[in-house]
There are 2 protein chains.
Amino acid sequence: MESRIERLCVERGLKMTGQRRVIARVLSQAEDHPNVEELYRRASALDARISVATTYRTVRLLEEKGILERRDFGGGRARYEPSESRRHYHLIDVETGKVIEFEDAEHDQLMRAIAARLGFDLVSVRFELFARKLGGPSRQAVRKPRAGAPREAEPSITR
Amino acid sequence: MESRIERLCVERGLKMTGQRRVIARVLSQAEDHPNVEELYRRASALDARISVATTYRTVRLLEEKGILERRDFGGGRARYEPSESRRHYHLIDVETGKVIEFEDAEHDQLMRAIAARLGFDLVSVRFELFARKLGGPSRQAVRKPRAGAPREAEPSITR
DNA sequence: CTACCTGCAAAAAATTTGCACTTCC
DNA sequence: GGAAGTGCAAATTTTTTGCAGGTAG
């Protein structure tokens with residue numbers, strides 16, 4: 001059966017090889033934000049005739065076609081998720097690396113207003129919150145996390 | 001004369017070698033967000049007895065001490081700026097790569113509220129706007145930019 | 001004096017690419 | 001049939017590290 005991502009590929013006129021079909025299926029089923037290595041692992045479990053190089057080439061292609069979106073949650077590897085109609089953002093639990101999605105209309109609007117105030121038209125946004133569960137481990141016991149993308153917290157591949 | 005960053009280093013008990021002093025001075029004078037390569041170039045112009053390895057080791061150390069902050073504006077290289085008391089964010093002009101700093105108290109507050117709503121305590125934030133000057137090149141003529149960190153726009157090292 | 005620094009070059013880690021060989025349309 | 005896709009391994013790019021000397025405090 002044709003997966004959602006595969007359908008999108010066909011709609012945009014991509015040549016559908018066996019490899020691409022498998023990767024599309026894996027992406028359609030993913031409930032998380034896998035990196036390329038993980039994607040490759042899942043795809044080659046379904047069909048061994050797939051290489052990492054092709055996985056890289058495919059995600060890049062799908063990103064260019066607007067079918068996938070690349071994310072960076074720190075940890076030095078790109079992560080991917082299917083484009084969705086609803087704009088959403090991510091909160092990364094710095095203790096566990098777990099990724100939580102959320103929406104916020106007020107924020108959407110505020111960003112546009114900020115860009116306009118500076119004389120710009122918004123093209124894209126990067127917005128990630130790194131946070132710690134309330135009532136978690138005592139502040140004292142935990143080493144201070146870094147600004148931006150914490151280097152030490154390799155985010156788990158979870159949505 | 002002792003630079004601002006050098007003073008901070010001494011305050012935090014860092015052993016001040018010649019190399020560190022030079023890098024500290026370069027950072028104090030920087031009006032932009034240099035990457036390590038650029039930092040190394042500027043430092044070794046002042047004193048040739050500095051290696052890239054030391055530059056990497058030094059920025060990492062200063063980041064751990066909270067003296068520097070690492071940023072990622074896309075383009076695959078980390079960029080650095082001295083920590084400032086006022087929280088601020090960055091807007092990257094996708095046409096020119098130029099980086100514009102801005103503050104927004106409303107946004108500061110909104111982020112904290114969002115984290116709290118999800119049951120988290122904010123640790124750090126990544127927030128960058130990628131945008132295009134109003135009244136710039138016609139939409140049609142410009143290739144569609146990607147979400148997240150545009151791959152093609154190597155940000156210039158400018159504040 | 002000695003723990004910490006540094007330079008050099010080699011190692012890592014993630015991603016891209018050249019090339020000869022398939023494969024979709 | 002021909003343009004486009006693929007695998008493999010080598011190349012790239014950015015950052016880190018091991019080791020044999022230096023150097024600050």
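Quick caveat: nothing in here was measured; it's all calculated off a predicted structure. All values below were derived from every heavy atom in this structure, side-chain atoms included, with hydrogens, water molecules and symmetry-related copies excluded.
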task = Rounded to the nearest angstrom, tell me the gap between atom CD1 in B:I50 and atom P in C:dC5.
result = 15 Å
message = Distance check needed: D:dT14 C1' versus B:R70 CZ, whole Å only.
response = 13 Å
message = Main chain of A:V36, side chain of A:R77: is a donor-acceptor contact present, judged purely on distance under 3.5 Å?
response = no
Nearest-neighbour nucleotide for the A:A78 side chain, C:dT15, D:dT15, C:dT6 considered = C:dT15
inquiry  = Atom CZ of residue position A:R12 - does it have more than 12 heavy atoms of other residues, nucleotides or ligands inside 6.0 Å?
reply    = yes
query = Can you tell me how far the OG1 atom of A:T58 sits from the CD1 atom of A:I23, to the nearest 0.5 Å?
reply = 4.0 Å
ask   = B:E69 and B:H33: side-chain donor and acceptor closer than 3.5 Å?
value = no
query = What nucleotide among D:dT16, C:dT6, D:dC8 has an atom nearest to a side-chain atom of B:T54?
reply = C:dT6
ask   = For A:Y40 and A:N35, what are the C-alpha separation, side-chain angles and deciding distance, and is it a side-chain hydrogen bond (donor to acceptor under 3.5 Å, both in side chains)?
value = CA-CA 9 Å; A:Y40 168 66; A:N35 58 38; over 6 Å; no
key: Annotated protein contacts, base or backbone, on nucleotides 18-25 of chain D with a non-hydrogen cut-off under 4.0 Å, one of B, S, - each   = B-----BS
ask   = So, is B:Y56 close to the D:dT15 phosphate, meaning a side-chain N or O under 4.0 Å from OP1 or OP2?
value = yes
message = As a test of reading the structure: which of D:dT14, C:dT16, C:dG7 is closest to the side chain of A:R60, going by heavy atoms?
response = C:dT16
request  = Give A:Q19 one of three labels, base, sugar-phosphate or nothing, depending on what nucleic acid heavy atoms sit under 4.0 Å from its own.
outcome  = sugar-phosphate
task = Spell out, as yes or no, whether a donor-acceptor pair under 3.5 Å connects the side chain of A:R79 to the backbone of A:F73.
result = no
task = Please state how far atom CG in B:D72 lies from atom P in D:dT14, giving the value in whole angstrom units.
result = 13 Å
